[in-house]
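To start, the structure under review is shown below, and the notes come after it.
Per chain, numbering begins at 1; letters A, B, ... match sequence-line order. FYI, side chains are in, hydrogens and waters are out, and symmetry mates aren't considered; it's all heavy atoms of this structure.
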Amino acid sequence: MIMQNSEIAAQLSRLADLLEIEGANPFRVRAYRNASRTVANLPKPVIDLVAEKADLAELPGIGADLADKISTLANTGELILLKEIEQRTPALLSELLKIEGLGPKHVKVLYNQLGIHSLAELKRALGENKICQLKGFGKKTAQKIQTGLERFTARRRTKLYDAIQLARPLLAYLRTAPGVDKLEMAGSYRRKKETVGDLDILVTAPNGKLIVDHFIHYPEISKILMQGDTRCSVLLHSQLQVDLRVVPPISYGAALLYFTGSKAHTISLRRLALQKDLKINEYGVFHKEKRIAGASEAEIYELLGLTYIEPELRELRGEIKASRLKQLPRLVVQQDICGDLHSHTNATDGENSLEQMAKAAINKGYQYLAITDHSTSLKIARGLDTRRLLAQLEEIDTLNAQYGSQFTLLKAIEVDILIDGSLDLPNAILEKLDLRVCAIHSHFGLAHQKQTERIIRAMDNPYFNILAHPTGRLINKRQAYAIDLERILQAAKERGCFLELNAQPDRLDLTDIHCRLAKDIGVKLAISTDAHNANQLDYMQLGVYQARRGWLEAENVLNTYNLTELRKLLKRD
DNA sequence: GCCGTTTTCGGCCCGACTGTTTTCAGTCG
């Protein structure tokens with residue numbers, strides 16, 4: 001049985017969990033965890049790499065042994081070592097490790113003393129008061145496990161956009177705490193990851209206790225999880241956890257670096273420091289006992305012989321090496337964006353008129369906005385047929401005549417890709433448009449190869465320009481449909497087509513890894529908001545964040561080009 | 001289990017907080 005990368009990563013992670021519970025060498029455990037992360041971050045299926053005879057041992061943190069295990073998993077879906085361990089240690093124990101406050105040592109005791117090897121049994125044991133009687137556990141620990149268990153069942157990562165909405169008022173509140181100097185979001189929020197597990201807030205102030213005391217009175221807090229003089233963790237009513245840390249101003253850079261992560265990135269930096277006989281912690285960089293840096297991130301990177309690495313890149317995906325070689329990308333920024341290539345009006349399922357959408361785009365300083373209402377077959381959105389589309393085109397002409405050369409509404413459509421790969425409107429009308437955004441809105445369940453070929457067949461149509469929301473995934477709601485994205489990117493490159501990076505908060509489709517794959521293959525992406533009202537044009541920022549995580553530079557993004565250049569790029573020969 | 005501009009063996013990031021302890025192990029980030 002062939003195994004997908006995500007499944008291979010899950011198996012390796014479970015192996016690490018079970019080894020850890022058994023008390024194996026912690027560095028061996030870490031090796032499996034690192035390998036799991038590396039596989040999960042691969043842009044291509046392992047099985048393809050194996051077929052190409054690529055040497056997996058060249059991947060960072062993967063040696064001969066793990067390379068062999070990974071390719072075995074990819075090919076057979078099974079691993080002898082894992083089977084052996086599971087005979088001694090039930091596989092479900094790795095589930096218990098996911099509960100906050102419950103680590104490998106305690107899981108081992110629970111299993112050995114009480115025979116607990118599932119969440120259900122844990123719950124029962126808690127109810128029967130058995131856990132607090134174990135040696136080394138006590139009442140508080142049992143309570144902590146109870147809370148962790150309750151949170152585990154309700155837990156979900158928070159979408160970045162939602163996290164931003166929750167963070168804003170909290171930051172404004174904290175700003176008023178006594179003695180606050182600098183105040184910054186850290187963690188995956190600062191790295192602009194598409195979802196965040198919690199909020200990490202870094203504050204510099206002379207007296208941490210005063211900040212913590214102020215923090216815990218924030219009205220949205222439902223529970224204080226932990227409280228010290230320099231750290232504090234709470235749960236908001238929204239169930240989002242917030243971790244606050246306070247350090248002295250002189251440690252700002254070191255603390256920001258550390259709390260921003262990712263964990264793998266900071267560990268690599270610390271190892272680099274050790275090679276230079278330096279020690280990095282969240283308070284600074286030290287040579288022996290002497291602090292030699294720490295006030296800014298930039299000076300720490302410089303000390304390590306690195307150029308500054310943007311937070312979005314800190315995922316240990318080659319950024320440290322690229323930094324050393326001075327080959328980091330110059331990441332795209334919001335100011336590079338010249339327009340939006342995917343938007344809707346109240347002609348279909350949007351909320352605002354053509355004119356209102358245009359006005360909002362002009363206010364953002366855009367040169368162009370593509371109006372891409374839905375096509376006929378999307379009945380639920382009152383999709384446009386040829387007649388209604390023609391009427392819209394006339395309306396656009398009238399408006400464009402008013403705007404002059406500073407701004408242009410582009411005549412466009414979000415046309416459905418039908419099940420056979422044909423487009424939902426006749427070429428006779430598609431040819432009258434400035435561009436065509438093509439999308440799948442039906443038959444999500446087609447098999448891998450069929451779905452891929454459906455899209456590539458659509459690209460064969462000379463009026464195909466941009467593949468909208470290419471994988472169809474909805475964060476926390478719907479899996480991506482089964483496609484071979486690398487093949488699709490190759491096909492797009494050969495045909496002069498583009499893919500979209502849809503910036504809707506619950507789409508962010510493509511992922512960061514796929515953005516980077518597109519860049520590597522040489523396909524430009526359109527960062528598009530798919531706005532259904534004028535306010536949603538602001539989602540562009542989310543798309544830019546995601547693009548930056550995918551190492552994209554302005555030249556890799558279709559809508560950073562001015563109107564003349566854009567028209568040239570859209571022309572297919 | 002990985003890795004090497006001192007190393008193919010002996011290292012592997014580092015500190016805060018908590019609870020159950022009488023000095024520290026476990027967990028987290």
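When each of A:H106 and A:L66 is assigned the nucleotide of DNA chain B bearing its nearest heavy atom, the one mapping closer to the 5' terminus is A:L66.
Atom CD of A:Q4 is surrounded by 12 or fewer heavy atoms from other residues, nucleotides or ligands within 6.0 Å. Within a 6.0 Å radius of CZ in A:R330, other residues, nucleotides and ligands contribute 12 heavy atoms or fewer.
One P atom belongs to B:dT18, the other to B:dG11, and the distance between them is 34 Å to the nearest Å. Here, B:dC17 and B:dC2 have their C1' atoms 31 Å apart, quoted to the whole Å. Between B:dG15 and B:dG10, the distance separating the two C1' atoms is 24 Å to the nearest Å. When the C1' atom is compared between B:dT7 and B:dC14, the two are found 24 Å apart, to the nearest whole Å. Distance noted for atom P between B:dT5 and B:dT22: 45 Å (whole Å). On the C1' atoms, B:dC13 is 14 Å away from B:dC28, given to the nearest whole Å. Nucleotides B:dT20 and B:dA16 have their P atoms positioned 22 Å apart, rounded to a whole Å. Nucleotides B:dT21 and B:dG26 place their P atoms 12 Å apart, quoted to the nearest Å.
Ring centroid separation for the pair A:F137 and A:H106 comes in under the 6.0 Å cut-off.
Salt-bridge formation is not detected for the pair A:K83/A:E86: no Lys NZ or Arg NE/NH1/NH2 atom is positioned less than 4.0 Å from an Asp or Glu carboxylate oxygen. Between A:D65 and A:K69 there is a salt bridge, since at least one side-chain N of the basic residue sits less than 4.0 Å from a carboxylate O of the acidic one.
A donor-acceptor pair shorter than 3.5 Å can be found between the side chains of A:H214 and A:T176. A donor-acceptor contact under 3.5 angstrom links the side chains of A:E150 and A:Q146, judged on distance only. Residues A:H265 and A:S262 have side chains that never bring a donor and an acceptor to within less than 3.5 angstrom of each other.
Contacts with DNA chain B (heavy atom under 4.0 Å) in residues 25-47 of chain A: A:N25, A:F27, A:R28, A:R30, A:A31, A:Y32, listed by number. Annotation: proximity of residues 130-144 of chain A to DNA chain B (heavy atom, distance under 4.0 Å) is found for A:G136, A:F137, A:G138, A:K139, A:K140, A:T141, numbered in ascending order. Contact check of residues 179-196 of chain A against DNA chain B (heavy atom, cut-off under 4.0 Å) returns no residues at all. Of the residues in residues 221-241 of chain A, those lying under 4.0 Å from DNA chain B by heavy-atom distance are A:M226, A:Q227, A:G228, A:D229, A:T230, A:R231. Against DNA chain B, the stretch residues 250-279 of chain A makes heavy-atom approaches under 4.0 Å through A:Y258, A:K263, A:I267, A:R270, A:R271, A:L274, A:K279.
By the side chain to side chain donor-acceptor pair (under 3.5 Å) test, A:R191 pairs with A:E315, sequence neighbours left out. Applying the salt bridge (Lys or Arg N to Asp or Glu O under 4.0 Å) test to A:K477 and every residue at least two apart in sequence or in another chain returns A:D506. A search for side-chain contact (heavy atoms from CB on, under 4.5 Å) contacts involving A:Q541 returns A:Q334, A:V544, A:Y545, not counting sequence neighbours. Scanning for side chain to side chain donor-acceptor pair (under 3.5 Å) contacts around A:Q241 gives A:R151, A:D243, with sequence neighbours left out.
Residues A:L160 and A:T195 fail the side-chain proximity criterion, which asks for heavy atoms closer than 4.5 Å. The shortest distance between side-chain heavy atoms of A:C232 and A:I216 falls below 4.5 Å. Looking only at side-chain heavy atoms (C-beta outward), A:I300 and A:L269 stay at 4.5 Å or farther from each other.
When DNA chain B is scanned 5' to 3' for any atom under 4.0 Å from a heavy atom of chain A, the first and last hits are B:dG1 to B:dG29.
Among the atoms of the strands shown, none is found under 4.0 Å from any heavy atom of A:L19.
In this structure, A:R190 is not positioned above the aromatic face of A:F259 in the sense of NZ or CZ being under 6.0 Å from the six-membered ring centre and within 45° of the axis.
For residues 216-238 of chain A, the set of pairs meeting the salt bridge (Lys or Arg N to Asp or Glu O under 4.0 Å) definition, not counting sequence neighbours, comprises A:R231-A:E282. Listed by first and then second residue, the salt bridge (Lys or Arg N to Asp or Glu O under 4.0 Å) pairs that reach into residues 119-129 of chain A are A:E128-A:K130, sequence neighbours excluded.
Summarising the base pairing, B:dT8 is matched to no nucleotide, lacking a Watson-Crick or G-U wobble pair whose two defining distances lie under 3.5 Å.
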In sequence, state the C-alpha distance, the side-chain angles, and the governing distance for A:N556 and A:L525, and then conclude on side chain to side chain contact (heavy atoms under 4.5 Å, CB included). CA-CA 6 Å; A:N556 309 125; A:L525 301 182; over 6 Å; no

